[in-house]
Number of protein chains: 2
Amino acid sequence: MVVTIKDVARAVNVSVTTVSRVLNNKPDVSEETKKKVKEAIRTLGYNPNNIARGLVLRKTNTIGLIIPDINNPFFPEIVKGIERKAKEEGYSLILYNTDNNKEEEKEALALLRSKKVDGIILSFSLENKEILKKLEKEEYPVVQIDRQIRDSLYPAVTIDNKRSAYNATEYLIKQGHKEIGHITGDLSTETALERLKGFKMALEKYGIPLREEWILEGDYSRGSGKELMERIIKLKHRPTAIFFANDLMAFGAYETIYNYNYRIPEDFSIIGHDNIEITSFVKPGLTTMDQPKYQLGAIAVEKLINLIEKKNDFHSVILENELIIRDSVKAIR
Amino acid sequence: MVVTIKDVARAVNVSVTTVSRVLNNKPDVSEETKKKVKEAIRTLGYNPNNIARGLVLRKTNTIGLIIPDINNPFFPEIVKGIERKAKEEGYSLILYNTDNNKEEEKEALALLRSKKVDGIILSFSLENKEILKKLEKEEYPVVQIDRQIRDSLYPAVTIDNKRSAYNATEYLIKQGHKEIGHITGDLSTETALERLKGFKMALEKYGIPLREEWILEGDYSRGSGKELMERIIKLKHRPTAIFFANDLMAFGAYETIYNYNYRIPEDFSIIGHDNIEITSFVKPGLTTMDQPKYQLGAIAVEKLINLIEKKNDFHSVILENELIIRDSVKAIR
DNA sequence: CTGAAAGCGCTAACAA
DNA sequence: TTGTTAGCGCTTTCAG
């Protein structure tokens, strides 16, 4: 049988209130009883039932996390930042993986709510923006991470994706490329949309014509990078450089390129996005836009806790990110 | 204000009991009231409070997961298997990352228990075996994954690590290598110990002398692989092949080897362990022992649920795993 | 088919 | 400094 607060009260011959008081370090309890209670707690091996406590306090000290794909190396680092910070602040983490499925997103949300998590950090696709609107009305604490839905008032913790894509593309241009393609992310995410915009902006800025057949929609998966790269290789007229909306797709492209016996960067210059760890130990090293992943996670937790504590901090935060130059882009004249 | 079961009861003018009954699909409630109740639930936007339910039912439908490092690509796949299967079975997942810290392991356990999770899946270091013994006495449902503590009665879901290491080493030998090193994992884990045993067994079986200076203890991190490879390179007499206890350390070694301008596999043959996704897109592709990661996770959930449901299934399961041959091992005569 | 009452383990006024 | 009481939102006897 599991030991409850009653058992320890009985053991020491005090009321449960008193035990509760020492449990929560409240004042107004004599040193002596405090000592006795603590003793009993230890000998009985009492472990407080946080779920009962949660019921009365309306606080579970748990936050929910909904992410698209824990298998995409971009996310584990974010998760780590979230987990670490959350633990530090006394929160546990309930994790849901949606596989980019809109229905799963909804379900996860409902589940998390019925578990009465104190707040939720999520990375949603645009299709579920209505749901966020509803949550807003209830003032349910939510912070968006990586993927922002702009219609929502909920704060987001992201980088400036448009600018980041602009910088990536500009780098290609400054290396002398004039024929540049872009494999986008899943265009039902704001992130992919923004990166596409940034890409186009850069082309326009430098007066480089945009060719629709060089802009292909991927879904952030390695497989889609692989496939789409094949489409590009089969084109009669091919770009000399390609900006991939994430590193994983870029690696998919590596495979295809090698399969066709082409070389990087001699035949195709490749630039990625996210700077996931493996970019550095692939050959050639992938030039990419870094993202402060761990920080993204940690800051999201801070923002969420502010919301939970009614500090009404609805400002989004945009973190700086920089270009990491490695060896996958060739300078041409 | 959040809407409770009382609110819907009041709205339909029935008792909370009745509402509870339709919530849980119990019989003995007329079609008509059922309809009305459901209607009210929808219009009021009622979301059951699972935490209150958990209090009375003594069941949270939540399981805890304690893993060493979500950033090590080996784990996200496991987590995915766990998350998926858990969701399928109606459970949520609380995640704790320990960074291989023994104290964090303990804390996570205590926290999870006070959150009254129905069971726990964990990957622990040997140092905490006493704690597991204690849990056993309380019949707390626990399943071990990847890392097994043999003193514990709790079932483990793993591969046969000794055999796996044996096979890896044997492969090296059959490719003609006679001077073979081994970078172990953190030797406070059973997994690393077993792999070391398997390595030694293979050498012995084939009458190959074991050289202590070629056996170095790592900690499963890329950094340690990098460092230890450097130690090996600085040796006067160097092995021609090295078995790394996991792929991540092998990749660390790749770096060092390239930094010293050596080549793989010409100068060093490398074999890893785990077959994390990136092994295939690194050059040269890393030859390694596969692990059925997703399955490991899914099966652990099954076992845990059996335990939770008192099916008293304490048998460990050992999954098959195979050698994946790529290009990091050279055949020599 | 329906409801009243008790209780899950805990905290928080309020009294004493 | 301590205890009594009520109640968090729900399920479950037990009666009707």
Side-chain angles (χ1 to χ4, degrees), chain A residues 1-38 40-41 44-62 90 110-118 138, chain B residues 1-38 40-41 44-62 90 110-118 138:
Chain A
M1 209 39 232
V2 63
V3 14
T4 77
I5 197 173
K6 264 191 204 159
D7 298 315
V8 356
R10 201 171 305 133
V12 192
N13 216 1
V14 295
S15 71
V16 295
T17 312
T18 302
V19 178
S20 170
R21 278 199 265 259
V22 350
L23 243 28
N24 298 292
N25 289 314
K26 300 260 163 128
D28 294 341
V29 41
S30 76
E31 276 310 316
E32 203 195 324
T33 41
K34 194 184 288 185
K35 202 143 291 173
K36 284 198 291 183
V37 168
K38 284 192 173 166
I41 287 176
L44 295 181
Y46 169 67
N47 186 287
N49 184 331
N50 268 320
I51 194 152
R53 176 184 276 163
L55 186 57
V56 16
L57 260 29
R58 294 136 180 299
K59 183 119 178 22
T60 53
N61 286 300
T62 302
L111 251 12
L112 250 15
R113 297 194 57 197
S114 72
K115 300 258 168 168
K116 299 296 165 191
V117 296
D118 296 330
E138 304 175 29
Chain B
M1 210 38 231
V2 61
V3 12
T4 76
I5 197 173
K6 264 191 204 157
D7 298 314
V8 356
R10 201 172 305 133
V12 193
N13 218 0
V14 295
S15 71
V16 295
T17 313
T18 302
V19 178
S20 171
R21 277 199 265 258
V22 349
L23 243 28
N24 297 293
N25 290 313
K26 300 260 161 124
D28 293 340
V29 40
S30 75
E31 275 310 316
E32 203 194 323
T33 42
K34 193 182 289 185
K35 202 144 291 174
K36 283 197 294 184
V37 168
K38 284 191 172 164
I41 287 177
L44 295 181
Y46 169 67
N47 187 289
N49 184 331
N50 268 320
I51 194 150
R53 177 183 276 165
L55 186 58
V56 14
L57 261 27
R58 293 137 180 299
K59 183 116 178 21
T60 54
N61 286 302
T62 302
L111 251 12
L112 250 15
R113 297 193 56 195
S114 73
K115 301 258 168 169
K116 301 297 165 189
V117 296
D118 297 329
E138 303 175 29

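All values reported here derive from a predicted model rather than from experimental measurement. Chain letters run A, B, ... following the sequence lines, proteins first, then strands; residues in each count from 1.
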Derivation and outcome, side chain to side chain contact (heavy atoms under 4.5 Å, CB included), residues A/R21 and A/V14: CA-CA 11 Å; A/R21 278 199 265 259; A/V14 295; over 6 Å; no
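With respect to A/K35 and A/E32, no salt bridge is recorded, no charged nitrogen being found less than 4.0 Å from a carboxylate O.
To the nearest 0.5 Å, the span separating CG on A/N50 from OG1 on B/T60 amounts to 12.0 Å.
Comparing B/T18 and B/L55, the nucleotide of DNA chain C nearest to each residue sits closer to the 5' end for B/T18. Comparing B/R21 and B/A52 by the nucleotide of DNA chain C that holds the closest heavy atom to each, the one mapping nearer the 5' end is B/R21.
A donor and an acceptor atom never sit less than 3.5 Å apart when one is taken from the side chain of A/S30 and the other from the base of D/dT2.
Among the atoms of the strands shown, none is found under 4.0 Å from any heavy atom of B/P27. Contact annotation for B/N49: backbone-only contact, meaning every heavy-atom pair under 4.0 Å involves sugar-phosphate atoms and none involves a base.
Under a 3.5 Å cut-off, the side chain of A/K116 and the backbone N or O of A/L55 do not form any donor-acceptor pair.
The nucleotide range of DNA chain C contacted by chain A, defined by atoms under 4.0 angstrom from heavy atoms of the protein and reported 5' to 3', is C/dC8 to C/dA13.
Put simply, B/K26 has a side-chain N or O that comes within less than 4.0 Å of OP1 or OP2 on D/dT12.
Using five terminal pairs a side, the axes of the helix from C/dC1-D/dG16 to C/dA16-D/dT1 at its two ends make an angle of 40°, given in steps of 10 degrees.
Legend: residues meeting side-chain contact (heavy atoms from CB on, under 4.5 Å) with A/N24, ordered by chain and number and at least two apart, are A/S20, A/K26, A/R53.
The side chain of B/N24 sits closest to D/dT11 out of D/dC8, D/dT5, D/dT11.
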